[in-house]
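These notes are about the structure you will find just below.
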Amino acid sequence: MKSIINNVNIPFTIEDFEKGLVLAGLVTPVNVEELAEIEMLKDYDKQQAKERAITYFKRAVLGAEIVNNLLDENTFGRVKFQKLVYLCEHACEMKLQKNYKKFAAGPFDNKFMHSINEEFKRQRWFKITIDRSQGYNKPIYSLGDNVEKYKTYYSKYFGQESEIIHQIIELFRKTKTRDVELVATIYYCLLELAENKQLRNKKTLLDSFYKFADSKKKFSESEVINSFDWMKKNDIFPLL
């Protein structure tokens, strides 16, 4: 059997197959070299898990700063919170685009949003109740006993980016969820165009925007273009 890597034919031997079984834990290692390779793989997996945990905690700290600044605003809810996390993460160049998928309300990291409130409660940064009076679940945040502790981490992780984070928070402080959804979706589309090496202009933006989801038809072309121009004016714009 042969595999093709970088257009070069490389023979795939039975020894390679057996080594794969050993590293997968399906066959017991028979020599020191195989044991060493398994330990290296375990160390790599541990390092990867550690890095993922650190990244998650940094995102939770960033989310806590957003909540702490906006918890008293009537327009602040779950969707707006997620969009602001998304915009702030990219403003801080955390490069987390892969975590976000296309949902009806724009780019959304479902796994993160399902866990973040539990993290807030576990850390006792915020107390959370659910308001169902409007026919949907809206989280209501109040300060927890340990809310001051997240601020130490925030200064450590985001001290240099704090100005732009607060610029975004203030720009959207009174904004309705619908408008934040629009900006976040445009931002995602612009990143996608850049990553696909397509021109970023108003025509390609509109094409990408309306392909994002059928729900985006609720926004007129003039709304999209006006928001695009507003984003450039306020420097809420991907640099890729």
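The shown structure was predicted, so the numbers you read here are calculated from the model rather than taken from an experiment.
Within a 6.0 Å radius of CG in Asp214, no more than 12 heavy atoms belonging to other residues, nucleotides or ligands are found. For Asn196, the CG atom is densely surrounded, since the number of other residues' heavy atoms within 6.0 Å is greater than 12. Within a 6.0 Å sphere centred on NZ of Lys138, other residues, nucleotides and ligands contribute more than 12 heavy atoms.
The distance from atom SG of Cys88 to atom CD1 of Ile66, rounded to the nearest 0.5 Å, is 4.0 Å. The CD1 atom of Ile186 sits 12.0 Å away from atom CD1 of Ile236, with the distance rounded to the nearest 0.5 Å. The CZ atom of Arg200 lies 12.5 Å from the CD atom of Glu192; values are rounded to the nearest 0.5 Å. Expressed to the nearest 0.5 Å, how far CZ of Phe120 lies from OH of Tyr150 amounts to 9.0 Å. From Asn226, atom CG reaches atom NZ of Lys233 across 11.5 Å, with rounding to the nearest 0.5 Å.
Sorted by first and then second residue, the salt bridge (Lys or Arg N to Asp or Glu O under 4.0 Å) pairs with a member in residues 166-177 read Glu73-Arg173, Glu73-Lys174, Glu170-Arg173; sequence neighbours excluded.
In this structure, the side chain of Lys80 engages the main chain of Thr175 through a donor-acceptor pair within 3.5 Å.
Between Ile116 and Val85, every side-chain heavy-atom pair lies at or beyond the 4.5 Å cut-off. Side chains of Lys216 and Glu181 form a contact here, defined as non-hydrogen atoms less than 4.5 Å apart. Side chains of Asn68 and Glu148 form no contact here, defined as non-hydrogen atoms less than 4.5 Å apart.
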Step-by-step side-chain contact (heavy atoms from CB on, under 4.5 Å) determination, Val180 to Thr75
CA-CA 11 Å; Val180 186; Thr75 60; over 6 Å; no

Let's go through Val61 and Lys156 carefully: what are the C-alpha distance in whole Å and the side-chain angles of both, what is the deciding distance for side-chain contact (heavy atoms from CB on, under 4.5 Å) to 0.1 Å, and is it a yes or a no?
CA-CA 10 Å; Val61 169; Lys156 174 183 176 181; over 6 Å; no

Determine, step by step, whether Asp179 and Phe172 satisfy the side-chain contact (heavy atoms from CB on, under 4.5 Å) criterion, reporting the C-alpha distance in whole Å, the side-chain angles of both residues, the deciding distance to 0.1 Å, and the verdict.
CA-CA 9 Å; Asp179 298 325; Phe172 294 101; 5.9 Å; no

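Annotation for Arg178 and Lys218: closest pair NH2-O, 3.0 Å, computed over non-hydrogen atoms. Residue Val183 comes nearest to Trp230 through the heavy atom pair CG2-CZ3, 4.1 Å, listed as atom of the first residue, atom of the second, then distance. A pairwise comparison of heavy atoms in Leu190 and Met231 identifies CD1-CE, 4.5 Å as the closest pair. Phe112 and Tyr56 get closest at one heavy-atom pair: CD1-CE1, 3.8 Å. Cys189 and Phe212 make their closest contact through SG-CD1, 4.1 Å (heavy atoms, listed as atom of the first residue, atom of the second, distance). Here the closest non-hydrogen pair linking Val224 and Leu205 is CG1-CD2, 4.2 Å.
With sequence neighbours left out, Ser133 forms a side chain to side chain contact (heavy atoms under 4.5 Å, CB included) with Asp131. Every residue two or more places apart in sequence or in another chain was checked for a side-chain hydrogen bond (donor to acceptor under 3.5 Å, both in side chains) with Lys217, and none qualifies. Residues that satisfy the side-chain hydrogen bond (donor to acceptor under 3.5 Å, both in side chains) test with Ser155, not counting sequence neighbours, are absent from this structure.
In this structure, Phe219 and Phe209 have perpendicular ring planes: the angle between them is above 60°, well past the 30° mark.
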Scan the side chains in residues 139-146 for donor-acceptor partners under 3.5 Å anywhere in the protein, sequence neighbours excluded, and list what turns up.
| unit_1 | atom_1 | unit_2 | atom_2 | d |
| --- | --- | --- | --- | --- |
| Tyr141 | OH | Asn117 | OD1 | 2.9 |
| Asn146 | ND2 | Gln123 | O | 3.4 |

For residues 160-169, which side-chain donor-acceptor pairs fall under 3.5 Å, sequence neighbours excluded?
| unit_1 | atom_1 | unit_2 | atom_2 | d |
| --- | --- | --- | --- | --- |
| Ser162 | OG | Tyr154 | OH | 3.0 |
| His166 | NE2 | Glu65 | OE2 | 2.7 |
| Gln167 | NE2 | Asn234 | O | 3.0 |

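Side chains of Thr204 and Asp207: no donor on one and acceptor on the other come within 3.5 Å.
Taking the six-membered ring for Trp and the full ring otherwise, Phe158 and Tyr153 have centroids separated by 6.0 Å or more.
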